[in-house]
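Data first, discussion second: the structure below is written as structure tokens.
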Amino acid sequence: MQFVLEPLPYSENALEPHLSAETLRLHHGKHHAGYVKKLEKLLRDEPQAKQSLEQIVKTSTGHVFDNAAQIWNHDFLWRSMSPDGGGEPRGELASAIARSFGSTDAFRKAFHEAAESHFGSGWAWLVLDGKELRITTTSDADLPLRHDQTALVTLDLWEHAYYVDYRNEKERYVSAFLEHLIHWDFAAANLAGLKRR
Ligand code: FE
């Protein structure tokens with residue numbers, strides 16, 4: 001199959017002032033695009049290239065895994081944010097968050113702590129683990145798919161995700177995500193097992 005750089009689901013400046021057009025241009029157009037190019041190069045003439053991205057993510061190792069997983073993670077990241085994000089979850093998702101964390105405020109506090117304290121490059125996730133919602137972080141390109149968990153929403157913790165806008169102030173980046181960008185409807189659709197962009 002051809003590996004594609006999925007377009008952003010909104011314009012480059014749509015997440016301003018919380019994430020700048022410059023950040024999205026670099027992050028999507030250079031970093032995310034770079035993983036696509038590298039995977040194409042690694043799998044040129046390999047039988048694996050015929051597999052779906054998800055199959056490759058589930059079964060590969062080394063550089064192939066790193067680049068394939070980073071494509072999956074970034075496709076998921078862009079949909080985890082919205083120009084109309086933030087606010088409160090609704091319906092089934094709100095009930096599930098209340099059951100697992102006590103309240104949405106308690107979820108935000110726990111997600112913030114997990115994201116801020118994660119050491120080095122990686123990702124913060126809200127996942128469905130069995131019947132429970134959980135907050136996890138993964139290192140480098142690792143992702144819930146490799147841990148029998150279903151991802152609901154994610155935040156990129158690599159410095160390239162926030163350094164242009166927030167420099168070393170990672171806590172402000174995480175707060176902006178939780179207050180203004182998190183796309184609850186995307187998380188709710190994933191919880192419901194629906195495919196939605
Ligand atoms: Fe990234």
Side-chain angles (χ1 to χ4, degrees), residues 3-43 53-54 56-58 60-83 85-86 111-112 114-127 135-147 149-183 186-187 190 197:
F3 302 106
V4 291
L5 176 64
E6 293 284 350
L8 287 171
Y10 30 71
S11 63
E12 281 180 346
N13 63 1
L15 304 183
E16 290 187 337
H18 312 294
L19 285 178
S20 66
E22 185 185 0
T23 285
L24 263 66
R25 198 175 306 124
L26 282 168
H27 195 174
H28 179 258
K30 299 291 181 191
H31 292 276
H32 186 173
Y35 299 124
V36 176
K37 275 187 209 146
K38 278 182 208 152
L39 188 66
E40 277 179 351
K41 202 171 162 191
L42 284 165
L43 293 186
L53 183 67
E54 199 165 306
I56 296 170
V57 166
K58 280 181 176 167
S60 61
T61 55
H63 288 313
V64 171
F65 170 76
D66 288 339
N67 286 283
Q70 283 294 75
I71 297 170
W72 196 98
N73 290 340
H74 283 89
D75 284 341
F76 199 82
L77 168 72
W78 305 125
R79 292 178 285 152
S80 292
M81 302 189 285
S82 165
F111 189 97
H112 198 287
E116 201 187 341
S117 60
H118 180 82
F119 187 80
S121 296
W123 299 81
W125 307 87
L126 172 63
V127 300
I135 294 162
T136 66
T137 64
T138 56
S139 292
D140 301 328
D142 192 20
L143 73 174
L145 215 54
R146 293 292 290 246
H147 302 276
Q149 299 162 338
T150 304
L152 302 187
V153 78
T154 195
L155 181 64
D156 192 336
L157 302 179
W158 288 57
E159 280 188 351
H160 67 224
Y162 62 87
Y163 214 80
V164 168
D165 295 323
Y166 295 96
R167 299 297 172 187
N168 60 317
E169 296 181 83
K170 188 182 178 187
E171 69 282 0
R172 288 181 52 230
Y173 163 68
V174 178
S175 293
F177 172 74
L178 289 168
E179 286 167 29
H180 303 290
L181 299 174
I182 188 169
H183 193 187
F186 177 63
N190 289 321
R197 288 194 62 90

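Ligands are counted one by one from 1 in listed order, and the atoms in each one are counted from 1 as well. On a predicted model such as this, the values are computed, not experimentally measured, just so you know.
Annotation: salt bridge (Lys or Arg N to Asp or Glu O under 4.0 Å) contacts of Lys37 (sequence neighbours excluded): none. Residues satisfying the salt bridge (Lys or Arg N to Asp or Glu O under 4.0 Å) test with Glu159, not counting sequence neighbours, are none.
Using bins of under 30°, 30° to 60° and over 60° for the plane-to-plane angle, the ring pair His27/His74 lands in the perpendicular bin.
Legend: salt bridge (charged side-chain N to carboxylate O under 4.0 Å, His left out) pairs involving residues 12-28, not counting sequence neighbours, sorted by first then second residue: Glu12-Arg25.
Inside a sphere of radius 2.8 Å centred on the Fe ion (ligand 1), the protein N/O/S atoms present are His27 NE2, His74 NE2, Asp156 OD2, His160 NE2.
In terms of heavy-atom proximity, Thr137 sits nearest to Ala114 at CG2-O, 3.6 Å.
Note that OH of Tyr173 is 6.5 Å distant from CG of Leu157, once rounded to the nearest 0.5 Å.
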